[in-house]
Colleague: 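Mind having a look at this structure? Questions to follow.
Just so it is clear, the structure is predicted and the values come from calculations on it, not from any experiment. Both counts, for ligands and for their atoms, begin at 1 and track the order of listing.
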Amino acid sequence: MIPDKAVKVEAYCSTANLGAGFDAFGLALGKYADRVQVKTARTRIVKIMILGPYGRGLPISPDKNSAGPPARALLDRSRLDNGVEITIEKNIPPGLGLGSSGATAAACTHAMNHLLELHLPPDELVKIASLGEAASSGSAHTDNVSASLLGGFVIAYGDPLRTISTRAPAKLSVVVVSPNIRLPKNKTSLARKLVPKTIGVKEAVLNIGRASAIALGFARGDIELIGSGMEDAIAEPRREKLVPGYKMVKKAALSAHASGAAISGAGPSVVAFVDKTKQDPKKIGRVMVKEFSKNNVESTFFVTSPAGGARIIRGN
Ligand code: HSE
């Protein structure tokens with residue numbers, strides 16, 4: 001049993017896939033961040049409370065909230081008799097494709113690792129955080145949680161899982177356009193069902209080449225190269241029907257000189273990557289909103305920048 005102790009962590013939202021990197025690439029974004037406080041309890045409970053502007057309607061059951069499974073897994077690792085009280089300040093809007101559940105899971109995992117003094121390595125933390133994604137969307141994908149945990153541009157790959165993160169170029173702006181469309185609660189799980197179980201060599205070759213261009217683009221700080229890889233032959237062709245007007249919005253963004261554009265995670269937001277030293281990201285956002293409206297879809301946009309990883313903001 002460890003004495004009364006509390007740790008609070010902040011973790012940013014993220015965009016996943018970046019086109020060709022389905023389930024493997026993530027980028028932390030600075031617009032929104034969840035804050036999660038974990039506090040030791042003297043009995044072996046996992047209790048979740050949710051506050052914040054987007055907390056309403058989210059599940060507090062530890063089986064359903066993305067903080068619950070990582071918290072349980074880490075308590076099991078600790079072999080202590082403690083439980084934990086988790087308070088989530090939900091600042092990331094859920095359902096936009098910005099890794100909202102992943103950020104909560106990442107913040108909780110980082111906080112618990114510190115609270116219980118487990119000192120687990122990043123790859124292990126990413127795997128544990130992904131248990132939260134399984135609870136909220138039915139699949140333990142690791143791209144959003146690794147971006148929120150590690151920050152910057154992240155590649156989560158291999159079996160056993162490995163992760164690598166690198167800083168994104170300072171001149172990269174990310175335009176996020178969110179169509180105002182009704183979505184089912186289990187949006188991510190439905191979007192994942194549209195992705196085929198097997199793909200052809202042709203699609204694999206296309207995505208390997210493009211994903212390599214994205215990775216090299218981040219390594220070189222070359223936003224044009226990153227953008228050139230933001231095309232997907234696997235998930236997007238099956239998912240674009242979920243985002244009315246997507247093809248035209250993407251085309252409009254590219255015509256307005258965005259370097260690349262893609263569906264953000266499972267959607268429905270669309271991200272455009274822009275070199276802010278060469279183009280005005282707000283102008284590109286306005287062009288994309290206009291294109292959505294031509295398809296009778298209202299939308300809003302914001303411009304943001306890549307962010308760092310999860311960090312402790314209070315702890316004893
Ligand atoms: N890579 C995941 C997907 C992200 O596209 O389904 C979901 O947030």
Colleague: According to side chain to side chain donor-acceptor pair (under 3.5 Å), who are the partners of Thr163, at least two apart in sequence or on a separate chain?
Modeller: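 Asp123.
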Colleague: Could you check whether Lys247 pairs with Glu291 (Lys NZ or Arg NE/NH1/NH2 to Asp/Glu carboxylate O, under 4.0 Å)?
Modeller: no
Colleague: List the steps and the verdict of side chain to side chain donor-acceptor pair (under 3.5 Å) for Asn207 and Asp232.
Modeller: CA-CA 6 Å; Asn207 269 39; Asp232 178 25; 2.8 Å; yes
Colleague: Between ligand 1 and the protein, tabulate every N or O atom pair separated by less than 3.5 Å, reporting distance only.
Modeller:
{"unit_1": "ligand 1", "atom_1": "1 (N)", "unit_2": "Asn17", "atom_2": "OD1", "d": "2.9"}
{"unit_1": "ligand 1", "atom_1": "1 (N)", "unit_2": "Asp23", "atom_2": "OD1", "d": "2.6"}
{"unit_1": "ligand 1", "atom_1": "1 (N)", "unit_2": "Asp143", "atom_2": "OD2", "d": "2.6"}
{"unit_1": "ligand 1", "atom_1": "5 (O)", "unit_2": "Asn17", "atom_2": "ND2", "d": "2.8"}
{"unit_1": "ligand 1", "atom_1": "5 (O)", "unit_2": "Arg239", "atom_2": "NH1", "d": "2.8"}
{"unit_1": "ligand 1", "atom_1": "5 (O)", "unit_2": "Arg239", "atom_2": "NH2", "d": "3.4"}
{"unit_1": "ligand 1", "atom_1": "6 (O)", "unit_2": "Arg192", "atom_2": "NH1", "d": "2.7"}
{"unit_1": "ligand 1", "atom_1": "6 (O)", "unit_2": "Arg239", "atom_2": "NH2", "d": "2.8"}
{"unit_1": "ligand 1", "atom_1": "8 (O)", "unit_2": "Asn144", "atom_2": "OD1", "d": "2.8"}

Colleague: Can you confirm if the aromatic rings of Phe25 and Phe218 lie within a centre distance of less than 6.0 Å?
Modeller: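 Between Phe218 and Phe25, the centre distance exceeds or equals 6.0 Å.
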Colleague: Please, which pairs that meet salt bridge (Lys or Arg N to Asp or Glu O under 4.0 Å) have at least one residue in residues 200-221, sequence neighbours excluded?
Modeller: Glu203-Arg238
Colleague: Once side chain to side chain donor-acceptor pair (under 3.5 Å) is applied, what residue pairs with a partner in residues 48-63 remain, sequence neighbours excluded?
Modeller: Asp63-Arg72
